Amino acid sequence: MKLTRRMTLAAFAGVLALGTAAPAFAADLIAIITPSHDNPFFKAEAVGAEAKAKELGYEALVLVHDDDANKQSQLIDTAIGRGAKAIILDNAGADATVAAVQKAKDAGIPSFLIDREINATGVAVAQIVSNNYQGAQLGAQEFVKLMGEKGNYVELVGKESDTNAGIRSKGYHDVIDDYPDLKKVAQQSANWSQTEAYSKMESILQANPDIKGVISGNDTMAMGAYAALAAANRKDVIVVGFDGSNDVRDSITSGGIKATVLQPAYAQAQMAVEQANDFIKNKKSPEKEKQLMDCVLVNGDNAAKLETFALKN
């Protein structure tokens with residue numbers, strides 16, 4: 001009897017041990033995967049998505065792929081292994097991401113993309129992105145005005161594998177190229193990086209000391225360019241960014257960078273979680289897979305109202 005009782009207790013302890021391990025496979029988990037939080041835009045996405053997920057009663061698994069498609073694939077494997085109910089993803093490449101999102105779909109896990117599109121439809125449930133072309137046109141129009149419609153300028157472009165980099169550049173040029181007295185003397189990719197933008201701007205400025213303006217594909221590169229210009233005592237050069245970060249807000253209000261274009265990172269991420277929740281609970285997909293959110297120009301007139309990628313009333 002004693003032996004039988006010991007075996008029963010041991011078996012019961014084993015069941016308890018399995019029960020203790022069970023939370024690793026969460027019943028109500030949403031995985032949130034973005035590029036590095038070193039960029040405040042991506043951090044705002046993660047914070048917004050996590051806050052909304054917890055508000056709706058989910059556990060949030062926040063992961064970072066560092067714009068590495070292989071790492072992204074591994075993180076999606078992690079989300080699948082953890083039994084995530086949905087994935088919120090700011091992806092690591094328009095082409096490279098398709099297979100990873102398909103892998104999640106095949107495992108029965110829906111993906112809701114934010115900020116960046118992929119080059120496929122019907123794989124993700126939603127692709128919620130800023131209207132980058134519309135936003136770039138707003139930024140370009142302000143840049144033209146600040147430049148007085150003339151002068152030599154430089155363009156800093158984002159990561160070439162990122163669809164947004166090309167869309168923003170096209171939006172800029174569809175406006176700026178209508179002004180023949182605006183001359184682009186250099187165009188280089190700084191891969192969304194502040195450090196790289198600083199280095200590139202130093203070299204560009206040495207080769208083109210007569211530049212009057214810099215238009216940048218994002219705020220991080222704009223900050224790097226402005227720092228390089230300031231170090232060379234060239235605060236007269238007009239700099240315009242894109243994103244709507246608090247860092248650029250502070251620069252605008254202190255008379256540094258002149259303007260940026262706000263894309264609503266926080267609200268976009270929260271919208272993705274709300275749509276994921278509707279899909280999980282009601283099996284309801286959004287009316288359109290690809291959804292555009294318009295951008296807003298931020299300059300000296302409204303910069304003080306900007307906080308964490310949103311304009312306060």
Side-chain angles (χ1 to χ4, degrees), residues 30-56 60 62-67 72 86-94 97 111-118 124 126-136 138-139 158-159 162-165 167-168 171 192-194 216-223 240-252 257 259-276 286 290-298 302-303 305-313:
I30 289 181
I32 300 159
I33 308 173
T34 70
S36 172
H37 295 180
D38 290 345
N39 184 319
F41 181 86
F42 303 129
K43 183 177 181 180
E45 289 180 331
V47 169
E50 182 178 17
K52 180 57 69 174
K54 289 181 176 178
E55 178 189 320
L56 293 171
V62 180
L63 303 167
V64 171
H65 59 55
D66 294 319
D67 277 315
Q72 175 181 257
I87 295 170
I88 310 299
L89 174 65
D90 190 339
N91 73 77
T97 299
S111 295
F112 296 78
L113 275 53
I114 54 176
D115 180 39
R116 302 169 176 175
E117 298 176 57
I118 57 173
Q127 299 193 54
I128 307 169
V129 299
S130 298
N131 192 338
N132 284 279
Y133 184 79
Q134 170 261 349
L138 286 178
K159 189 180 290 287
D162 187 337
T163 305
N164 290 346
I167 293 172
R168 291 176 195 173
W192 305 129
S193 163
Q194 184 166 333
S216 172
N218 79 343
D219 280 352
T220 309
M221 295 187 299
M223 290 291 292
V240 170
F242 195 116
D243 275 343
S245 70
N246 286 358
D247 287 340
V248 167
R249 171 203 65 194
D250 294 343
S251 183
I252 292 172
I257 292 172
T260 186
V261 176
L262 168 65
Q263 52 171 341
Y266 193 91
Q268 197 174 92
Q270 294 213 318
M271 181 187 293
V273 174
E274 288 168 351
Q275 291 186 9
K290 291 194 176 181
Q291 303 161 59
L292 294 178
M293 296 181 72
D294 279 349
C295 302
V296 179
L297 179 71
V298 175
N302 61 353
K305 297 179 180 179
L306 181 63
E307 178 59 46
T308 316
F309 300 95
L311 283 174
K312 295 180 176 180
N313 294 327

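The first residue in the sequence is number 1, and the count goes up from there. In this text the structure is predicted, and so the values were computed from the model without any measurement.
The CG atom of N164 sits 7.0 Å away from the CD atom of E117 when rounded to the nearest 0.5 Å. Interatomic distance, CD1 of I32 versus CD1 of I87, reported as 11.0 Å (0.5 Å rounding). Once rounded to the nearest 0.5 Å, the distance linking CG of L113 with CD1 of I128 reads 9.0 Å. From I88, atom CD1 reaches atom CD of Q268 across 11.0 Å, with rounding to the nearest 0.5 Å. Expressed to the nearest 0.5 Å, how far CG of L63 lies from OG1 of T34 amounts to 8.5 Å. One finds the CG atom of N246 at 6.0 Å from the CG atom of L306 (value rounded to the nearest 0.5 Å).
Without hydrogens or angle criteria, E45 side chain to A265 main chain gives no donor-acceptor distance under 3.5 Å. A donor-acceptor contact shorter than 3.5 Å is absent between the side chain of D219 and the backbone of D247. Side-chain atoms of N218 come within 3.5 Å of backbone atoms of M221 as a donor-acceptor pair (strictly under, hydrogens ignored). In terms of modelled atom types and a separation under 3.5 Å, the side chain of Q127 and the main chain of I118 share a donor-acceptor contact.
Closest non-hydrogen pair, F112 versus A86, comes out as CE1-CB, 4.2 Å. Taking every heavy atom of both residues into account, F309 and A44 meet most closely at CD1-CB, 3.4 Å. Annotation for P35 and D90: closest pair CD-O, 3.5 Å, computed over non-hydrogen atoms. Minimum heavy-atom separation, A222 to S216: N-OG, 3.3 Å. In terms of heavy atoms, N91 sits closest to D67 at O-OD1, 4.1 Å. For the pair N302 and L297, the tightest heavy-atom approach, listed with the atom from each and the gap, is ND2-O, 3.0 Å.
When the shell of 6.0 Å around NZ of K290 is examined, it contains more than 12 heavy atoms from other residues, nucleotides or ligands.
Looking at M223 and I257, their side chains come closer than 4.5 Å, going by heavy atoms from C-beta outward. At a threshold of 4.5 Å between non-hydrogen side-chain atoms, the residues V62 and H37 count as touching. For the pair E307/R249, a side-chain contact is recorded, criterion being any heavy-atom separation below 4.5 Å from C-beta on. Counting heavy atoms from C-beta on, the side chains of L292 and V129 come closer than 4.5 Å.
For the 3.5 Å distance criterion, the side chains of N132 and R168 qualify, holding a donor opposite an acceptor. With no hydrogens or angles considered, a side-chain donor-acceptor pair links Q275 and Q291 at under 3.5 Å. Judged purely by distance below 3.5 Å, without hydrogens or angles, the side chains of D162 and W192 pair a donor atom with an acceptor atom.
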Which is it for I114 and M271 under the side-chain contact (heavy atoms from CB on, under 4.5 Å) test, yes or no, and what are the steps along the way?
CA-CA 9 Å; I114 54 176; M271 181 187 293; over 6 Å; no
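Among residues two or more places apart in sequence or in another chain, the side chain to side chain donor-acceptor pair (under 3.5 Å) test is passed with S111 by none. In this structure, the side chain to side chain donor-acceptor pair (under 3.5 Å) partners of Q263, at least two apart in sequence or on a different chain, are S130, D243.
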